[in-house]
Amino acid sequence: MNVLLLGSGGREHAFSLKISQSPELNKLFIAPGNAGTALHGTNVDLSPTNLEQVYQFCVENQIDLVVPGNEDPLVAGLVDYIEEKSTAAGLKMGVAGPSEWCARLEGSKDFAKAFMKKYEIPTAKYESFRLGDLKSASAFMKTLEPPYVLKADGLAAGKGVIITESLEEAEAVLKEMTDGSKFGKAGEVVVIEEFLKGIELSVFAVSDGDSWQILGSAKDYKRIFDGDQGPNTGGMGAISPVPFADAAFMEKVISRIVKPTFDGLKEEGHPYKGFLFVGLMNVAGDPMVIEYNVRMGDPETEAIFPRLNTPMLDMLTAIANGNLSAVKIDLKEETAATVFLVSGGYPGDIEKGKTILIPATYQWQTADNNKQWLFHAGTKMQGDDVVTNGGRVIAITSLGTDIANALSRSNEMAQSVQFEGKFHRKDIGLDLLKY
Ligand code: AMP
Ligand code: GLY
């Protein structure tokens with residue numbers, strides 16, 4: 001089987017490693033990939049949102065399965081495009097991702113909120129406002145208690161959410177949002193919602209449009225500094241599973257959220273195919289949805305996939321071809337702790353091109369045996385050197401008997417990878433020790 005994987009993060013290195021371990025694999029291509037994905041396949045210079053370019057590559061390289069890693073091509077309609085064109089050409093090409101219609105769960109916060117309201121899926125109370133609607137938006141905001149939560153409707157690379165205690169600041173942001181000067185097109189609709197107090201986690205599920213299964217739970221650490229201080233990042237580490245997401249809590253997540261979501265999408269005539277990432281707030285034991293993402297998370301994937309016993313290509317082809325009920329998702333009981341090594345200055349300005357030194361014993365082949373993995377994210381080859389090529393550089397995952405054990409092993413491994421300006425959090429998961 002020939003596979004094309006789209007993306008270039010730690011998530012895609014984790015996908016490529018797992019795909020490369022499947023006996024059915026013939027060729028794996030990754031677009032655009034990184035120095036880690038190049039260990040498992042061939043990196044190719046394609047733009048994942050250039051749908052025609054992706055399709056032509058698939059035709060020329062007899063691709064059987066396309067695996068989109070990040071949301072941009074999904075929201076741009078990649079799945080419909082490839083399915084329609086390949087079917088018309090009489091080719092058999094599967095795509096393990098949701099349709100453009102379903103991808104709006106991530107691509108439009110207003111769409112996602114309206115969907116949840118219709119299917120009575122627990123989420124924060126909200127209202128949406130269009131450009132120029134400052135007066136009514138401001139009036140609604142004042143009916144809520146601070147902190148105020150303002151969200152740009154469209155994709156804004158994780159920067160479209162503003163949470164502030166200050167009514168003055170909220171009003172100023174709202175003004176910029178509703179006159180169109182902030183977030184541009186992504187901000188044409190603004191969602192204002194109630195602040196949810198609790199502890200966040202994410203639950204992942206896979207579906208083939210007919211049946212679905214839970215993949216696992218994870219907790220992401222978004223702030224740059226220990227103790228959840230400092231600015232937001234793409235994610236500085238993750239833990240899986242989440243200890244408070246026990247059987248009783250997961251039963252609530254499934255019956256109140258996951259099942260009604262997949263059922264609701266079917267009822268709308270748009271059954272969901274692919275990975276579904278449900279961002280949740282545990283509000284005093286009750287799960288509420290913060291957001292949907294229509295893909296796996298990064299770094300959550302780097303924490304969950306090392307726990308996965310299910311052969312990756314079995315799962316991906318089952319998602320694409322509609323026979324997921326024949327595949328059993330099976331996870332190791334052990335805890336995974338993922339720690340991201342980032343470039344100095346991240347999430348602000350960073351310098352790229354720093355040489356990365358990885359001890360030979362920690363190359364992925366041997367690390368795998370030791371229940372440790374090193375996933376490349378912002379890296380690339382420069383001659384014979386691996387150099388930094390982004391803010392988040394390398395994700396290190398260890399499996400352990402518990403969080404403390406897994407974390408200490410990841411932190412130790414983090415010490416032995418060197419590059420100028422390297423920084424990482426040392427407290428990933430420590431807040432969960434009390435559960
Ligand atoms: P989102 O892009 O919708 O996931 O929001 C980004 C982050 O803002 C989330 O991960 C939460 O930490 C926070 N957040 C979003 N919505 C709310 C809310 N209604 N209440 C509390 N925190 C929120
Ligand atoms: N780690 C959060 C995300 O992938 O969106």
Side-chain angles (χ1 to χ4, degrees), residues 7-12 14-15 68-72 74-75 105-113 116 122-128 141 144-165 170 173 183 186-187 189-204 215 217-224 228 231-240 242 275-284 286-305 338-340 342 347 375 377 391-392 395 425 428 431:
S8 62
R11 168 182 51 210
E12 285 74 25
F15 265 104
N70 65 322
E71 65 277 16
D72 291 343
L74 295 169
V75 173
L105 285 178
E106 176 165 1
S108 165
K109 293 189 188 296
D110 182 40
F111 174 85
K113 294 296 279 191
M116 286 186 268
T123 187
K125 191 171 89 177
Y126 84 107
E127 277 194 33
S128 302
M141 196 167 69
L144 302 174
E145 298 284 316
Y148 303 99
V149 182
L150 309 176
K151 298 185 176 183
D153 175 57
L155 292 182
K159 296 187 175 68
V161 177
I162 283 112
I163 300 180
T164 174
E165 285 280 347
V173 171
F183 303 123
V189 173
V190 182
V191 171
I192 302 181
E193 65 181 42
E194 170 194 30
F195 182 81
L196 298 174
K197 213 168 147 40
I199 176 160
E200 275 186 80
L201 75 155
S202 301
V203 168
F204 297 82
L215 185 53
S217 66
K219 184 172 188 288
D220 175 21
Y221 292 77
K222 291 206 172 81
R223 302 297 188 102
I224 183 77
D228 292 331
N232 265 324
T233 69
M236 294 295 290
I239 295 289
S240 175
V242 179
F275 293 91
L276 182 70
F277 166 153
V278 191
L280 299 167
M281 189 72 85
N282 174 356
V283 183
D286 289 319
M288 314 255 309
V289 179
I290 299 238
E291 64 167 349
Y292 289 112
N293 293 315
V294 295
R295 53 172 173 85
M296 285 300 290
D298 192 350
E300 293 89 335
T301 306
E302 293 94 300
I304 293 176
F305 281 7
T338 302
V339 173
F340 237 119
V342 304
F375 297 116
R392 292 194 297 171
R425 275 181 68 161
I428 301 300
D431 59 322

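Note that ligands are numbered from 1 as they come in the structure, with each ligand's atoms numbered from 1 the same way.
Taking the centre and axis of the six-membered ring of Tyr221, the NZ or CZ atom of Lys219 falls inside the cone set by 45° and 6.0 Å.
Considering each of Val149, Thr123, Ile163, the one bringing a non-hydrogen atom nearest atom 22 (N) of ligand 1 is Ile163. Nearest to atom 9 (C) of ligand 1 by heavy atom, out of Arg223, Met281, Met288, Glu200, is Glu200.
Between Lys222 and ligand 2, no pair of N/O atoms sits closer than 3.5 Å. Between Val161 and ligand 1, no N or O atom pair is found at a separation short of 3.5 Å.
Distance from atom 5 (O) of ligand 2 to its nearest protein heavy atom, with residue and atom name: Arg295 NH2, 2.9 Å. In terms of protein heavy-atom proximity, atom 2 (C) of ligand 2 is nearest to Asp220 OD2, 3.5 Å.
The distance from ligand 2 to the heavy atoms of Gly234 drops below 4.0 Å at these ligand atoms: 1 (N). When each atom of ligand 1 is checked for a heavy atom of Phe195 under 4.0 Å away, the hits are 20 (N), 21 (C), 22 (N). The Glu193 neighbourhood of ligand 1 comprises atoms 16 (N), 17 (C), 18 (C), 19 (N), with distances under 4.0 Å to a heavy atom of that residue. Proximity to Glu291 (heavy-atom distance under 4.0 Å) selects the following atoms of ligand 1: 1 (P), 2 (O), 3 (O), 4 (O). Close contacts between ligand 2 and Glu300 involve ligand atoms 1 (N), 2 (C), 4 (O) [criterion: under 4.0 Å to a heavy atom]. Against a heavy-atom cut-off of under 4.0 Å, Lys109 is close to the following atoms of ligand 1: 1 (P), 2 (O), 3 (O).
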Side-chain atoms of residues 289-296: list all donor-acceptor pairs with protein atoms under 3.5 Å, sequence neighbours left out, distances to 0.1 Å.
from: Glu291; atom 1: OE2; to: Asn293; atom 2: ND2; distance (Å): 3.3
from: Tyr292; atom 1: OH; to: Thr261; atom 2: OG1; distance (Å): 2.8
from: Arg295; atom 1: NE; to: Glu71; atom 2: OE1; distance (Å): 2.8
from: Arg295; atom 1: NE; to: Glu106; atom 2: OE1; distance (Å): 3.3
from: Arg295; atom 1: NE; to: Glu106; atom 2: OE2; distance (Å): 3.1
from: Arg295; atom 1: NH2; to: Glu106; atom 2: OE2; distance (Å): 3.2

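Within the 4.5 Å cutoff, no side-chain heavy atoms of Glu127 are placed close to those of Ile192. The closest side-chain heavy-atom distance from Ile199 to Leu201 is not below 4.5 Å. Taking 4.5 Å as the limit, some side-chain heavy atom of Tyr126 sits within range of a side-chain heavy atom of Asp110. Using a 4.5 Å cut-off on side-chain heavy atoms (C-beta onward), Asn232 and Val161 make no contact. For the pair Asp298 and Phe340, the minimum side-chain heavy-atom distance is below 4.5 Å. The shortest distance between side-chain heavy atoms of Ile304 and Leu215 falls below 4.5 Å.
Heavy-atom separations between Lys222 and ligand 1 include at least one value shorter than 4.0 Å. Between Gly297 and ligand 2 there is a heavy-atom distance shorter than 4.0 Å. Using a non-hydrogen distance threshold of 4.0 Å, Gly279 does not register as a contact of ligand 2. The closest approach between any non-hydrogen atom of Pro299 and ligand 2 is below 4.0 Å.
At a 4.0 Å heavy-atom cut-off, ligand 2 does not touch Arg11 at all. Under 4.0 Å from ligand 1, not a single heavy atom of Asn232 appears. For Glu71, no heavy-atom contact with ligand 2 is shorter than 4.0 Å.
Closest heavy-atom contact between Ile224 and Arg425: O-CG, 3.3 Å.
Using a 4.0 Å cut-off between charged side-chain N and carboxylate O, Lys113 and Glu193 make a salt bridge.
When atom types are taken as modelled, the side chain of Thr338 and the backbone of Gly237 share no donor-acceptor pair closer than 3.5 angstrom.
Aromatic ring centres of Phe204 and Phe275: separated by at least 6.0 Å.
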